[in-house]
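Each chain gets a letter, A, B and so on, in the order the sequences are listed, and its residues count up from 1. Everything numeric in this text was worked out from a predicted model, so none of it was measured. Just the heavy atoms: all of them, side chains too, but no hydrogens, waters or symmetry mates, feed the values below.
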Amino acid sequence: MNFSDLGLSEKVLEAVTASGYTQPTPIQAEAIPHALARRDVLGIAQTGTGKTAAFTLPMLTLLEQGRARARMPRTLILEPTRELAAQVEESFTKYGANQRLNVALLIGGVSFGDQDAKITRGVDVLIATPGRLLDHFERGKLLLTGIEILVIDEADRMLDMGFIPDIERICRMVPFTRQTLFFSATMPPEIQRLTETFLHNPAKVEVARQASTATTITQRLVGAGAEPHEKREALRNLIRQQPEFKNAIIFCNRKRDVQTVYRSLQRHGFNVAALHGDLDQRARMAALDSFRNGSTQLLVASDVAARGLDIPDVSHVFNYDVPHHAEDYVHRIGRTGRAGKKGVAITVVTSDDKKSLAAIEQMIGASIEWQGELPPQGEGDGERRRRAGGRRGGRDGGRGRSHDGQAETRRSETESPSPARAAGSRDRQQSHERRDRGPRPAAGEAPRPERQARAPQRRPEPEEPPVIGLGDHVPSFLLRSVKRT
DNA sequence: AAAAAAC
């Protein structure tokens, strides 16, 4: 299958070729002919599957006929976040290079003036987040009665974000006769209802199941103390330990933690940027740009960055927090291991995260490899080392932390051996054995018995201090076989 | 337990 077999126009094909693409992805191969035939399309696909081009390319072809009129855009694309909207705009710029089309981006956080001016001149492609679109509409500067094609992207995310009433409103404002291209990674009942209401006999195009995580991603769990400073220190060690590190996105659950972790990494000399929704638009764009062009290696982000953002070549994803919703986990780790590349996703787990972790493992249909405890240690500045050494003899202020063990595994590669660490060698071997066992079973395969079998050897000896948290102790939920859906 | 999106 080649792009030239899909019925796209010469101009669009030339732009696609110029970008270096010859073969369409499955969603593109399936959706483009339907879209060109003016059919409604229901696309069930995640980002990273080539979804954006699946609607951009046929739209560009269809837009070659006709001309935009003042204040009456011809097509409308709705996106849940500003970054995604900007990304779609780039796609139109790239593939529409051989056409004279007016594209406008209507997102919040920037001034109305430029947006207004563009609308007034007439736009062929309007890309918008719902809030700003409705704002323009209510000011009476925008007419939606000329819309020929409506695209609703990431519908399930719009649902999560409470946009569905806005989407329904917008759907009722555009002409009944328009063509609708509708994309969602999942099909919860509410989305199902929406498609039944607003799509007419759609061609259903489905690629890759929602909950499946790419096999190119190596997933691991590491334990850490639940105290913020312990987690931050664990994170720093984790970053330093990675053998094939290129760059990483670090996900936090809360915006203020994004800020804290960002500042902390900065103080410790890391090249880092932050991305969350409370930053002004310029800062958001700057963070994303510097990460994309490689001038920044670390991006600390909230879930604003979890879905859809196209950042090629991310070698690592670190979950500083376990996400509360299992599907967020899937989206976060999906930022790495893209386009056939290898990726590593490591989640920092504390004693507070058992429930969320169990839900995640249930959703992905497998248990995630447990790498062991990652104690805060080894800043290389003596001060920390003393603290770490001092802790060895007793407990650290009574806070939970198991005996040293698998945590030694990789640290030993980055630091010179010390007598205190030699004790970890037994566990280190075990840890390597575990890793060498290969990938976990995919969903649908039988649960693997060795999980039960190897568990006892990782329990602490009875005379050791009681374990608080997720050190070498294996919580009971990890020993249960995983329920599959 | 949160984040996101309009001013």
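- Taking A/Asp160 as the reference, A/Arg307 meet the side-chain hydrogen bond (donor to acceptor under 3.5 Å, both in side chains) condition, with sequence neighbours excluded.
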Output a table of donor-acceptor pairs, distance under 3.5 Å, between side-chain atoms of residues 138-145 of chain A and any protein atom two or more places apart or on a different chain; print 'none' if there are none.
{"unit_1": "A/Glu138", "atom_1": "OE2", "unit_2": "A/Arg169", "atom_2": "NH1", "d": "3.3"}
{"unit_1": "A/Glu138", "atom_1": "OE2", "unit_2": "A/Arg169", "atom_2": "NH2", "d": "3.1"}
{"unit_1": "A/Arg139", "atom_1": "NE", "unit_2": "A/Asp135", "atom_2": "OD1", "d": "3.3"}

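- Between the CZ atom of A/Arg139 and the P atom of B/dA6 there is a distance of 12 Å, rounded to whole Å.
- Remark: P of B/dA4 and CG of A/Leu78 are 20 Å apart, rounded to the nearest angstrom.
- Residue A/Lys255 has its side chain nearest to B/dA4 when only B/dA4, B/dA2, B/dA6 are considered.
- Looking at residues 158-168 of chain A, you'll see A/Asp160, A/Met161, A/Phe163 sit with a heavy atom under 4.0 Å from some atom of DNA chain B.
- A/Ala104 is linked by a side chain to side chain contact (heavy atoms under 4.5 Å, CB included) to A/Lys118, A/Val123, A/Leu126, counting only residues two or more places apart in sequence or in another chain.
- A/Leu134 places its CG atom 20 Å from the P atom of B/dA4, with the value rounded to the nearest Å.
- Not counting sequence neighbours, the partners of A/Phe55 by the ring-ring contact (aromatic ring centres under 6.0 Å, His included) test are A/Phe183.
- Looking only at distances, a side-chain donor or acceptor of A/Thr195 sits under 3.5 Å from a matching main-chain atom of A/Gln192.
- Following rounding to the nearest Å, A/Asp303 (CG) and B/dA5 (C1') show an atom-to-atom distance of 15 Å.
- Per the geometry, CG belonging to A/Asp257 stands 13 Å off C1' belonging to B/dA3, to the nearest Å.
- Under 4.0 angstrom from either OP1 or OP2 of B/dA4 there lies no side-chain N or O belonging to A/Thr129.
- The residues A/Arg193 and A/Glu190 are annotated as salt-bridged, a charged nitrogen and a carboxylate oxygen being separated by less than 4.0 angstrom.
- Proximity of a side-chain donor or acceptor of A/Thr218 to a complementary backbone N or O of A/Val344 within less than 3.5 Å is not detected.
- In terms of phosphate contacts, A/Arg82 brings a side-chain nitrogen or oxygen within less than 4.0 Å of OP1 or OP2 of B/dA6.
- One can place CZ of A/Arg332 at 13 Å from P of B/dA2, the figure rounded to the nearest angstrom.
- When heavy atoms are screened at a 4.0 angstrom cut-off, A/Asp328 is found touching base atoms of the nucleic acid.
- When distances run from any side-chain atom of A/Lys355 to the nucleotides B/dA1, B/dA4, B/dA6, the shortest one goes to B/dA1.
- Applying the side-chain hydrogen bond (donor to acceptor under 3.5 Å, both in side chains) rule to A/Arg232 yields no partners; only residues at least two apart in sequence or on another chain are considered.
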Side-chain donor-acceptor contacts of residues 280-289 of chain A below 3.5 Å, not counting sequence neighbours, with atom names and distances?
{"unit_1": "A/Asp280", "atom_1": "OD1", "unit_2": "A/Arg282", "atom_2": "N", "d": "3.0"}
{"unit_1": "A/Asp280", "atom_1": "OD1", "unit_2": "A/Ala283", "atom_2": "N", "d": "3.0"}
{"unit_1": "A/Gln281", "atom_1": "OE1", "unit_2": "A/Arg82", "atom_2": "NH1", "d": "2.8"}
{"unit_1": "A/Arg284", "atom_1": "NE", "unit_2": "A/Glu83", "atom_2": "OE2", "d": "2.7"}
{"unit_1": "A/Arg284", "atom_1": "NH2", "unit_2": "A/Glu83", "atom_2": "OE1", "d": "2.7"}
{"unit_1": "A/Arg284", "atom_1": "NH2", "unit_2": "A/Glu83", "atom_2": "OE2", "d": "3.4"}

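- Among the nucleotides B/dA2, B/dA3, B/dA5, the one closest to the side chain of A/His325 is B/dA2.
- Interface residues of residues 272-284 of chain A facing DNA chain B, ordered by number: A/His276, A/Gly277, A/Arg284; criterion, heavy-atom separation under 4.0 Å.
- In this entry the distance linking CG of A/Asn253 with P of B/dA4 reads 11 Å, nearest Å.
- Qualifying ring-ring contact (aromatic ring centres under 6.0 Å, His included) partners for A/Tyr320, counting only residues two or more places apart in sequence or in other chains: none.
- A/Gln259 has its CD atom 15 Å from the C1' atom of B/dA3, to the nearest Å.
- Side-chain proximity of A/Arg254 to B/dA3, B/dA6, B/dA4: nearest is B/dA3.
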